[in-house]
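Atoms considered below: every heavy atom in the structure, side chains included; atoms not considered: hydrogens, waters and symmetry mates. Note that ligands are numbered from 1 as they come in the structure, with each ligand's atoms numbered from 1 the same way.
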Amino acid sequence: MEVLEILREASNRIYKNVKDLAGTNDAAGDFGVGAGGDISRNIDIVAEKTVLDYLKEINFECIVLGEECGRVELSKNPKGFVIMDAIDGSANAVRGVPFFCSSLAFATENKLSSITDGVITNLSNGEMYWASKNKGAFYNNKQIKVHKKDPIYKIVGINTSGSSIELMNKLHPIFENYNHTRHFGANALEMAMFARGLMDIFIDLRNKIRIQDIAAGYVIVKEAGGMLLDANLNPLDTDLSYETRVSFIAAANQEILDEIMSQINS
Ligand code: IPD
Ligand code: CA
C-alpha cells in the first residue's frame, strides 16, 4: 500500500470516529499536557488512537511523531516518520466551531524538506486535501493550485492568536490597509485552503507553530505551486523536533509577497 493511501485511510478513520464527538461535553475530557505542550482533550486522544491502532493493524514500519502521544516507535526498521496532528484546531473541535481538521504527513528524514506525502481532512465535513512530492496537490480528487490571478477580493490570512503587542504593532499596517484579513483557528486547514486558492497569502509570524501543525500543509502548499518561506524569506525548512517552533509565510506569488512584506513594520 502506498504511503499516501495509508495516510488517507487513517484520516478517513479519524473522521468516522470524531465526527459526532465535536462540540459535545465528551470531546473536552482533560488528559493532561501532551508532548506538544497543550492540554490533550478526549477528542485529540480518540483521534490519535485511531491512527496508532490503524498503523499497528497494517504493520506500517514507522516512527510516529504525534502532537499528544509524542514519539512512538512502531518498528525497529522504520521507513520514516508519520507526523501526526490528529486534531488541528482542538479549541474549535471542543467548542463545536466547524473548522478543525486532521493533518498527517510522512517524512523520510528528520527534516521538513524530506516530507513526501501529506493529507489534511476537514473533520467538519470529511473533505480531503492531499499531495505527494512531484505528483501535485488535490482536493477531493481535483488538482488544486494556489491563486495566481489578480483576485476580486484580496484575502490575507494571518494567525494572530496569542500575539505579543510587538508583533501586533509590526502587523498593524496590514490590518489597516486590507479589509479582508482572516484567521479561522486551524493552521493546517488554513494552509490547505490557501493551497486551493481561497487566500492569496497566509502568514504566521508568532514563532509558535509546531511541526505537527504544518507538516502536511508543507507538501500540499508546495505541490500547489505556493511559495513557503521562513520569517527571513528563506525556503522554509527545519528539523522535526518537539522543541522546534516556526514562523512562516505561504504566498501565492512574488507580487503578493512583496506587497505584504512592504507593509510589515521593521
Ligand atoms: C493550533 C491551531 C491554531 C494555532 C495554534 C495551534 P492545535 O493547533 O493550529 O490555529 O493558532 O498555535 O496550536 O493545538 O489545535 O492542534
Ligand atoms: Ca492538535
Taking the six-membered ring for Trp, are F138 and W130 parallel (under 30°), tilted (30 to 60°) or perpendicular (over 60°)?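 Answer is parallel, since the angle falls under 30°.
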Are any of the side-chain heavy atoms of I249 and L233 separated by less than 4.5 Å? yes
Nearest heavy atom to atom 9 (O) of ligand 1 wins, so pick from I39, D88, D85.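 Selected option, by shortest heavy-atom distance: D88.
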Distance-only, no hydrogens or angles: does the D200 side chain make a donor-acceptor pair with backbone N or O of K154 under 3.5 Å? no
Any donor and acceptor pair, going by atom type alone, linking the side chain of N140 with main-chain N or O of K142 inside 3.5 Å? no
Examine the proximity of ligand 1 to Q212 and report which part, side chain or backbone, both or neither, has a heavy atom under 4.0 Å away. neither
R206 contact mode with ligand 1 (heavy-atom cut-off under 4.0 Å): side chain
Report whether any nitrogen, oxygen or sulfur of I87 sits less than 3.0 Å from the Ca ion (ligand 2) (N, O or S, backbone or side chain).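 True for I87.
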Does D85 bring an N, O or S atom to within less than 3.0 Å of the Ca ion (ligand 2)? yes
May I ask you to list the atoms of ligand 1 that are less than 4.0 angstrom from any heavy atom of S90?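 Close to S90: 15 (O).
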Backbone or side-chain N or O of A188 under 3.5 Å from ligand 1 N or O: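 Min N/O separation from ligand 1 is not below 3.5 Å for A188.
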Are any of the N or O atoms of I209 closer than 3.5 Å to those of ligand 1? no
Residue among D88, N187, T244, D38 satisfying side-chain hydrogen bond (donor to acceptor under 3.5 Å, both in side chains) with R210: D38
